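To start, the structure under review is shown below, and the notes come after it.
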Number of protein chains: 4
Amino acid sequence: MERQRKISKREAIIEAAIGLFSQKGYHNTRMEEIAQAAGAGKGTIYEYFASKTELFSEILLTGWRKIQEDIPLQEPGVTPVLEQLHRLIHGHLRYFQENRQLTRVSFCEVDTIDQELMEWALKVKGEKEKQVRAMIETGIERGELRTDIDVDIVSRMVCALIPYFASHIVMNDVEIDTHHLAVQISTTILEGIKN
Amino acid sequence: MERQRKISKREAIIEAAIGLFSQKGYHNTRMEEIAQAAGAGKGTIYEYFASKTELFSEILLTGWRKIQEDIPLQEPGVTPVLEQLHRLIHGHLRYFQENRQLTRVSFCEVDTIDQELMEWALKVKGEKEKQVRAMIETGIERGELRTDIDVDIVSRMVCALIPYFASHIVMNDVEIDTHHLAVQISTTILEGIKN
Amino acid sequence: MERQRKISKREAIIEAAIGLFSQKGYHNTRMEEIAQAAGAGKGTIYEYFASKTELFSEILLTGWRKIQEDIPLQEPGVTPVLEQLHRLIHGHLRYFQENRQLTRVSFCEVDTIDQELMEWALKVKGEKEKQVRAMIETGIERGELRTDIDVDIVSRMVCALIPYFASHIVMNDVEIDTHHLAVQISTTILEGIKN
Amino acid sequence: MERQRKISKREAIIEAAIGLFSQKGYHNTRMEEIAQAAGAGKGTIYEYFASKTELFSEILLTGWRKIQEDIPLQEPGVTPVLEQLHRLIHGHLRYFQENRQLTRVSFCEVDTIDQELMEWALKVKGEKEKQVRAMIETGIERGELRTDIDVDIVSRMVCALIPYFASHIVMNDVEIDTHHLAVQISTTILEGIKN
DNA sequence: TATGAATGAGCATTCATTCAT
DNA sequence: GATGAATGAATGCTCATTCAT
């Protein structure tokens, strides 16, 4: 067997699950379908995952970890806020565009599968917001941003835009210039649109 | 029997369904529970709704119609864009806050219940975006907004913010000053945050 | 209201029930359909019939009574057996052809609706057989028929032919010359087919 | 475990279904009862049969196939018609008597379960009639039978007698000498009953 | 007498999960 | 580890029947 072909059963199952969950949703995907798509037996899934819910959670967690790895935090000391904001937005959009299926899975249903999962999702969202808030606050401290803005609201605004545009990309299955989009968004927030 | 107490069975079922769907999600709510909560028999639901899916659709459609009625379009001729933007955002946020459960139902799961429903939701979203874009374009024509902005992206930005903050309100079950929030959001977009 | 138009509700229900039972079978016909077809309310049926089963029984009983009335017994003294046999067969076939729907209802499902009904049907069948047996026996006594025949089996043979051809008529919805058919059948039994 | 005892789950389900359908009829038999009687879980039935209807169809088809195998066609060249007729009738009666339950299932309800099934039953009946007609025609050609008989009607008469007597056997649950009965029937048809 | 809104027992079917091989 | 036959709890939906009007 060649290197590339050698995928662990576990990997295969996760891949299959992402594909099917993304396409048909959690509740419309049967464990048997996942097993088939993964070229495994139905029982094999349970060798690696305790339940359907856990398989789903595992996928979300993995996805989230990959985001953390792929989008490195800026060293806040040097980079100007505009640049930081741009990188944050661009990093996320690119990641989501490159992981369409996983993104689709993550954006839907998280709330309805499991109470625990929902709380976890809220926590993740909260952390992102904290990260952005820190960025904004630094900007204010360094005099790059106005002092009269509502930090809380502005941070959330930034956080609102990323999933919305990401959702647009993956749901309508379009391919866009994420760099350009990120520039437009960050500039607009910074500069406003008033004449 | 008093006037107010006299609720049609159909109303009662819808109310019960909204409450349960909102609390436990579509898939975790059994028809029997809805019937019980509505003080009706299981079969009675099927007197009014052909299926669980249709009951869900009916709820979403009703909610959407109410939004259309509650948030009147501005007469674009007179009102300045800042004011229009504020009214749009405020109207939605207030509606969502006042219809928490319905909102919660509408924001989750729409995508996973039914293909048809999903397409309908995308259409509704598209219409909202069109409405906002028209508003922005008018602002540019009237010289209230800069001419170098990307109308498409800016409109979407506005559309992104409303559900995000609405979602925050209903998911965390907090009570906020929607007027203040709307002012902050619209001002920020208009003015930017750059010093 | 004209005479002919004035049909009692009860009649209307029975007519509707015969039509639907005949077309779709007992189990596939809903009480509501019958009510609609009869131009009555669902509850009205229960004014006249205690249950679906009883409505069905009533129909069968009525049909059976009509057969008894329509096909008068022969005065055994005079008529030759060939003639008697012919009249019996012809009478039944004509009746069944003229009451296609009722016949269709009677021939199917009687067995599966109700234990009681099934036993009743067996009794009716037994009576017919007895009647035919008496006819055959008279024929033997009068020297019209051979003495070495098995009266029991021959009677049953006659009884077998009537419903089979009747069933053919109503199931395939064809119109046939019942007189000719009856002649053929009775002659064949009498004469045999051997060269 | 002994050989004989080792019955596949599928066999067990079919056996159980035949027994129950035969006893209580299709509509009065619940899938759960079949499962219990087969010593299987409710879901197991669906491993082998897509639906209740299909389980029923499968049973009928199997029964029909077994008849075809058990009652070999005569080589028309040699055997005299009387013998052929006798063998045909006897073969069927014996088969039906030996498969009482299956016969009971086959004779009732076929018409009311399913449109498709009903058409199939009509087709099967038609084929039998064709087979008998060929037999009669051969008899005429060979000079064994009279030339003035109505082939069509005579064939149908033969076909009418088999299920009638079979039905008598299985419905009243009696044990008879099928050989004797077949002799009587075929002789009667051949010879007639006239003195 | 006539009605039809309301009911709930009853049932076919699904699918996550188990476990013997 | 890997498998898939077997399972049965869970649930959407039907429809005969009731009863207040």
Side-chain angles (χ1 to χ4, degrees), chain A residues 8-10 12-13 26-36 38-56, chain B residues 8-10 12-13 26-36 38-56, chain C residues 8-10 12-13 26-36 38-56, chain D residues 8-10 12-13 26-36 38-56:
Chain A
S8 83
K9 221 79 181 174
R10 195 173 189 281
I13 290 166
Y26 178 84
H27 282 101
N28 296 317
T29 301
R30 297 202 309 289
M31 291 298 263
E32 190 163 22
E33 290 179 285
I34 296 173
Q36 268 180 350
K42 223 188 312 183
T44 309
I45 300 180
Y46 290 86
E47 292 290 323
Y48 299 103
F49 307 94
S51 68
K52 193 182 180 185
T53 306
E54 197 169 276
L55 169 58
F56 187 73
Chain B
S8 82
K9 221 79 183 173
R10 195 172 189 282
I13 290 166
Y26 178 85
H27 284 102
N28 297 315
T29 302
R30 300 202 309 286
M31 290 301 262
E32 193 163 23
E33 289 180 287
I34 296 173
Q36 270 178 350
K42 220 188 318 178
T44 308
I45 300 180
Y46 291 89
E47 291 287 321
Y48 298 102
F49 307 94
S51 66
K52 193 182 180 185
T53 305
E54 199 171 273
L55 170 58
F56 187 74
Chain C
S8 82
K9 221 80 181 172
R10 195 173 187 282
I13 290 167
Y26 178 84
H27 283 101
N28 296 317
T29 301
R30 297 202 309 288
M31 291 298 262
E32 191 163 22
E33 290 179 285
I34 296 173
Q36 268 180 349
K42 222 185 316 181
T44 309
I45 300 180
Y46 289 88
E47 292 292 322
Y48 299 102
F49 307 94
S51 67
K52 193 184 180 184
T53 305
E54 198 169 275
L55 169 58
F56 187 73
Chain D
S8 82
K9 220 80 185 173
R10 195 174 188 280
I13 289 166
Y26 178 85
H27 284 102
N28 296 316
T29 301
R30 301 202 307 289
M31 291 300 262
E32 191 163 22
E33 288 179 286
I34 297 173
Q36 270 178 350
K42 221 186 318 180
T44 309
I45 301 180
Y46 290 88
E47 291 288 321
Y48 298 101
F49 307 94
S51 67
K52 194 183 179 182
T53 305
E54 198 170 274
L55 169 59
F56 188 73

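Computed from a prediction, not measured in an experiment: that's the story for all the values here. Note on naming: letters A, B, ... go to the chains in the order of the sequence lines (proteins, then strands), and numbering restarts at 1 for each one. Note: hydrogens, waters and symmetry copies are ignored here, and every other heavy atom, side chains too, is used.
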For this session: Calculate the interatomic distance between Glu54(D) atom CD and dA12(E) atom P; express it in whole Å.
Result: 15 Å
Exercise. Rounded to whole angstroms, how far apart are NZ on Lys9(C) and C1' on dT3(E)?
Worked result: 10 Å
Exercise. With a non-hydrogen cut-off below 4.0 angstrom, is Ala40(D) in contact with a base, only sugar-phosphate, or nothing?
Worked result: sugar-phosphate
Exercise. How long is the line joining CZ of Phe56(D) and C1' of dC11(E), in whole Å?
Worked result: 18 Å
For this session: Would you kindly give the CG-to-P distance between Asn28(B) and dG12(F), to the nearest whole Å?
Result: 11 Å
Exercise. Hey, mind stepping through Tyr48(A) and Leu55(A) against side-chain contact (heavy atoms from CB on, under 4.5 Å) and telling me if it holds?
Worked result: CA-CA 8 Å; Tyr48(A) 299 103; Leu55(A) 169 58; over 6 Å; no
Seminar exercise, completed: Interatomic distance, CD1@Ile34(C) vs CE@Met31(C), rounded to 0.5 Å, equals 5.5 Å
For this session: Anything under 30° is parallel, anything over 60° is perpendicular, the rest tilted; go ahead and classify Phe56(B) against Tyr26(B).
Result: perpendicular
Problem set entry | Separation of atom CZ in Phe49(B) from atom P in dG12(F), rounded to whole Å | 15 Å
Exercise. How close do His27(C) and His27(D) get, heavy atom to heavy atom, and via which atoms?
Worked result: ND1-ND1, 3.1 Å
Seminar exercise, completed: Closest non-hydrogen atoms of Ala40(B) and Lys9(B), given as atom of the first, atom of the second and distance, are CB-CE, 3.7 Å
For this session: Supply the atom-to-atom distance Glu54(D) CD to Tyr46(D) OH, rounded to the nearest 0.5 angstrom.
Result: 11.0 Å
For this session: Round to the nearest Å and state the distance from Ile45(C) atom CD1 to dT1(E) atom P.
Result: 16 Å
Exercise. How would you label the contact of Tyr48(D) with the nucleic acid (heavy atoms, under 4.0 Å): base, sugar-phosphate, or nothing?
Worked result: sugar-phosphate
Seminar exercise, completed: Nucleotide by nucleotide, nucleotides 14-21 of chain E touches protein heavy atoms under 4.0 Å in the pattern (B base, S sugar-phosphate only, - none) BSSBB---
Seminar exercise, completed: Arg30(C) and Glu33(C) have their tightest heavy-atom pair at N-OE1, 2.8 Å
Seminar exercise, completed: Here the distance between atom P of dG4(E) and atom CD of Glu33(C), to the nearest Å, is 16 Å
Exercise. What base-paired stems does DNA chain F take part in, with at least 3 consecutive Watson-Crick or G-U wobble pairs and both distances under 3.5 Å?
Worked result: E:2-21 with F:2-21
Exercise. What is the distance, rounded to the nearest whole Å, between atom CD of Gln36(C) and atom P of dA2(E)?
Worked result: 18 Å
Exercise. Do you know which two heavy atoms are closest between Ala38(B) and Ala12(B), and how far apart they sit?
Worked result: CB-O, 3.6 Å
